Amino acid sequence: MERRLLPIILLSIILIAQIQFLFGQDGLNTKNGSSIQHPASSIQRWVLVIHGGAGGSAGQKMAEDLQQKYIAEMTDVLKAGAAVLEGGGTSLDAVETCIRMMEDSPMFNAGKGSVFTEEGKNEMDASIMDGKTLKAGAVAGVTTIKNPITAARTVMEKSTHVMLAGHGAENFAKAQGLEIVDPSYFYTKQRWDEYEKVRKQEIEHKQDSAKSHGTVGAVALDNHGNLAAGTSTGGKTNKMTGRIGDSPVIGAGTYANNQTCAVSCTGNGEFFIRNVVAYDVSARLEYRGQSIQEATRDIIHSKLKAQGADGGLIAVDKNGIVAMPFNTALMFRGCIYPDGKIRVEIY
Ligand code: ASP
């Protein structure tokens, strides 16, 4: 009787060992358990996440048709980025593709839809980071580069520096053959009206201009297991001339490291710089062993909230788990997976 059972017992032991080996390889059983939610296994390879800025006022919702326009636009952006990743492109390529599309759209505060400074001009910031090499590039306070995110990537790939600002960045972009436009290209009536409204409210001491901002960003994990993050912005409406936010600051608005995660932030930039938010997410994963959900929730809903800082972020960890927390009324955000599943949300 016992002899007959022996082969069955042995077979069961072998089977259990194989299952443990396979699941361990796929990261389905990490120490914090977080990877159960959406692992980058053989089924889930790449992951792409985008945001179009956080903000809004509590209790005020956008008109339904405008919401639908944003959702349609973000869906197109996600599909374009997914095509890059599906075709074997890198996470850097996908991040740049998505951000360029949002920069070209007048609906987001980056590139074409950028907000105005106190002098009625558009000054833009952008950055990008490669999680594989930890290389990064950024431009700040640029006024004539059509796609600041491409300029940021060019700084990373074609210069020995990380950040170029103002006319130095513009000269470099021109010399590298990037598209240069007249500053009037960035004018949109909607942003001009917002600028005039904010100026009027500030004169009447009715509103802090910190409430009027927005940004675009993307983070991705590609088929090769490499992470990348990028962020691009026009900054805050009626900001001081020369003011630089967190978006081009590596570690504050953008960070990527293959060992941990990729992060792109949006919100009141001064707080994101002071709290080194994007790097803080990565550090919590690396040193504290927190999951991406725990780390980002603590930072956005506890640490920043306690300081009166509004904003949010998107993040994807090395296992493909996504977090999109925000403490504002809304954050334009979305993600897409290889099975075609798309999630696009505003509130
Ligand atoms: N973080 C950006 C800045 O401060 C603005 C935003 O994301 O809303 O420039």
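In this chain, numbering begins with 1 at the start of the sequence shown. What you see is a predicted model, and the numbers here were worked out from it, not measured in a lab.
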So, taking the atom named NZ in Lys79 and the one named CD1 in Ile342, what distance separates them when rounded to the nearest 0.5 Å?
5.0 Å

Any donor-acceptor pair under 3.5 Å linking the side chain of Asp125 with the backbone of Ile244?
no

Presence of salt bridge, Asp65 and Lys69, under 4.0 angstrom
no

Surrounding CE of Met62 (heavy atoms of other residues, nucleotides or ligands, distance under 6.0 Å), is the total greater than 12?
yes

Side-chain donor-acceptor pair under 3.5 Å between Lys236 and Asn268, yes or no?
yes

Working to the nearest 0.5 angstrom, can you tell me the gap between Phe332 CZ and Thr266 OG1?
10.0 Å

Is it the case that atom NE2 in His224 sees more than 12 heavy atoms from other parts of the structure closer than 6.0 Å?
yes

Among side-chain atoms of Ser105 and Glu73, is any donor-acceptor pair under 3.5 angstrom?
yes

Presence of salt bridge, Arg243 and Glu270, under 4.0 angstrom
yes

Would you mind writing out the side-chain donor-acceptor pairs for residues 175-182 within the sub-3.5 Å range, not counting sequence neighbours?
residue	atom	partner	partner atom	Å
Asp182	OD2	Ser184	N	3.0
Asp182	OD2	Ser184	OG	2.7

Check the hydrophobic clustering (I, L, V, M, F, W, Y; side-chain heavy atoms under 4.5 Å; chains of links allowed) and say if Met102 and Met129 are grouped together.
no

Do we see a donor-acceptor contact under 3.5 Å between the side chains of Arg191 and Ser114?
no

Return yes if a side-chain donor-acceptor contact under 3.5 Å exists between Ser264 and Thr254, otherwise no.
no

Is any side-chain heavy atom of Val155 less than 4.5 Å from a side-chain heavy atom of Val162?
no

When you compare the side chain of Met324 with that of Val49, does any pair of heavy atoms fall below 4.5 Å?
yes

Ring-plane angle category for Tyr255 and Tyr279, please: parallel below 30°, perpendicular beyond 60°, tilted otherwise.
perpendicular

Can you tell me if Lys239 uses its side chain to pair, donor with acceptor, with the backbone of Gly234 under 3.5 Å?
yes

Side-chain contact test, heavy atoms from C-beta onward, threshold under 4.5 Å: evaluate it for Thr144 versus Lys174 and give yes or no.
no

Do Asn257 and Glu286 have side-chain atoms, one donor and one acceptor, less than 3.5 Å apart?
no

Minimum heavy-atom separation for Ala295 to Leu285, with atom names?
CB-CD1, 3.8 Å

Going by heavy atoms in the side chains, are His167 and Asn171 under 4.5 Å from each other?
yes

Answer whether the closest heavy-atom distance between the side chains of Leu85 and Asn223 falls below 4.5 Å.
no

With side chain to side chain donor-acceptor pair (under 3.5 Å) as the test, pick out the partner of Glu103 among Thr233, Thr150, Asn147.
Asn147

Using modelled atom types and a 3.5 Å cut-off, is there a donor and acceptor pairing between side-chain atoms of Asn238 and backbone atoms of Val198?
no

Asp193 and Lys197: CA distance, side-chain angles, deciding distance, salt bridge (charged side-chain N to carboxylate O under 4.0 Å, His left out) verdict
CA-CA 6 Å; Asp193 291 348; Lys197 191 172 154 205; over 6 Å; no

Euclidean distance, Asp310 CG relative to Lys305 NZ, rounded to 0.5 Å
8.5 Å

Check Tyr187 against Asn122 and note the closest heavy-atom contact, atom names and distance.
N-OD1, 4.2 Å

We want to know whether Thr231 and Ser247 form a side-chain donor-acceptor pair, criterion being a heavy-atom distance below 3.5 angstrom.
no

Give the C-alpha distance, both sets of side-chain angles, the deciding distance and a yes or no for side-chain contact (heavy atoms from CB on, under 4.5 Å) between Thr241 and Glu123.
CA-CA 8 Å; Thr241 297; Glu123 293 181 356; 3.5 Å; yes

If hydrophobic clusters are built by linking Ile, Leu, Val, Met, Phe, Trp and Tyr wherever their side-chain heavy atoms come under 4.5 Å apart, do Val142 and Ile128 end up in the same one?
no

Taking the six-membered ring for Trp, are Tyr70 and Phe108 ring centroids under 6.0 Å apart?
yes

Minimum heavy-atom distance between Ala220 and Ser91, given as atom pair plus value:
O-CB, 3.5 Å

Please tell me whether Tyr287 and Ile299 are part of a single hydrophobic cluster in this structure, the criterion being side-chain heavy atoms less than 4.5 Å apart.
no

Does Lys146 come within less than 4.0 Å of Asp104, counting only side-chain N to carboxylate O?
yes

What heavy-atom pair brings Gly312 and Ile300 nearest, and what distance separates the two atoms?
CA-CD1, 3.9 Å

Between Val216 and Val95, is there a shared hydrophobic cluster once you connect ILVMFWY residues whose side-chain heavy atoms come closer than 4.5 Å?
yes

Can Asn226 and Asn258 be counted as having a side-chain donor-acceptor contact under 3.5 angstrom?
yes

Glu157/Arg153 salt bridge by N-O under 4.0 Å criterion:
yes

Report yes or no: does Asp130 contribute a side-chain atom to a donor-acceptor pair with the main-chain N or O of Leu134 at less than 3.5 Å?
no

Indicate yes or no for a side-chain donor-acceptor contact from Tyr195 to the backbone of Lys121 under 3.5 Å, with no hydrogens or angles considered.
no

Please walk me through it: do Val47 and Tyr337 pass side-chain contact (heavy atoms from CB on, under 4.5 Å)?
CA-CA 5 Å; Val47 182; Tyr337 298 93; 3.8 Å; yes

Contact check, side chains of Cys98 and Leu48, non-hydrogen atoms, under 4.5 Å:
yes

Kindly compute the distance separating CG (Asp298) from CD (Gln290), expressed to the nearest 0.5 Å.
5.0 Å

Lys NZ or Arg CZ of Lys112 over Tyr185 ring: under 6.0 Å, within 45°:
yes

Any chance the side chains of His51 and Thr215 put a donor and an acceptor closer than 3.5 Å?
no

Roughly how far, to the nearest 0.5 Å, is the CD1 atom of Ile314 from the SG atom of Cys265?
9.0 Å

Would you say Arg274 and Phe271 make side-chain contact, with heavy atoms under 4.5 Å?
yes

Can any side-chain N or O of Arg199 pair as donor or acceptor with the backbone N or O of Glu118 at less than 3.5 Å?
yes

Does Val139 share a hydrophobic cluster with Val249, counting links as ILVMFWY side-chain heavy atoms below 4.5 Å and allowing steps through other members?
no

On a heavy-atom basis, which atom in Pro148 and which in Ser232 lie closest, and how many Å separate them?
CB-OG, 4.3 Å

May I ask you to check whether over 12 heavy atoms, not counting those of Lys303, lie within 6.0 Å of atom NZ?
yes

Is the closest side-chain heavy-atom distance between Lys158 and Phe172 below 4.5 Å?
yes

Non-hydrogen atoms of Ala138 and Pro248 that approach each other most closely
CB-O, 3.2 Å

Between Lys61 and Tyr347, is NZ or CZ placed under 6.0 angstrom from the six-membered ring centre and within 45° of the ring axis?
yes

Could you walk me through whether Glu64 and Gln67 pass the side-chain contact (heavy atoms from CB on, under 4.5 Å) test, one step at a time?
CA-CA 5 Å; Glu64 187 57 37; Gln67 286 187 43; 4.2 Å; yes

Run Lys341 and Arg343 through side-chain contact (heavy atoms from CB on, under 4.5 Å) and show every step you take.
CA-CA 7 Å; Lys341 219 175 269 160; Arg343 186 176 147 201; over 6 Å; no

Side-chain donor/acceptor of Ser291 to backbone N/O of Glu294, under 3.5 Å:
yes

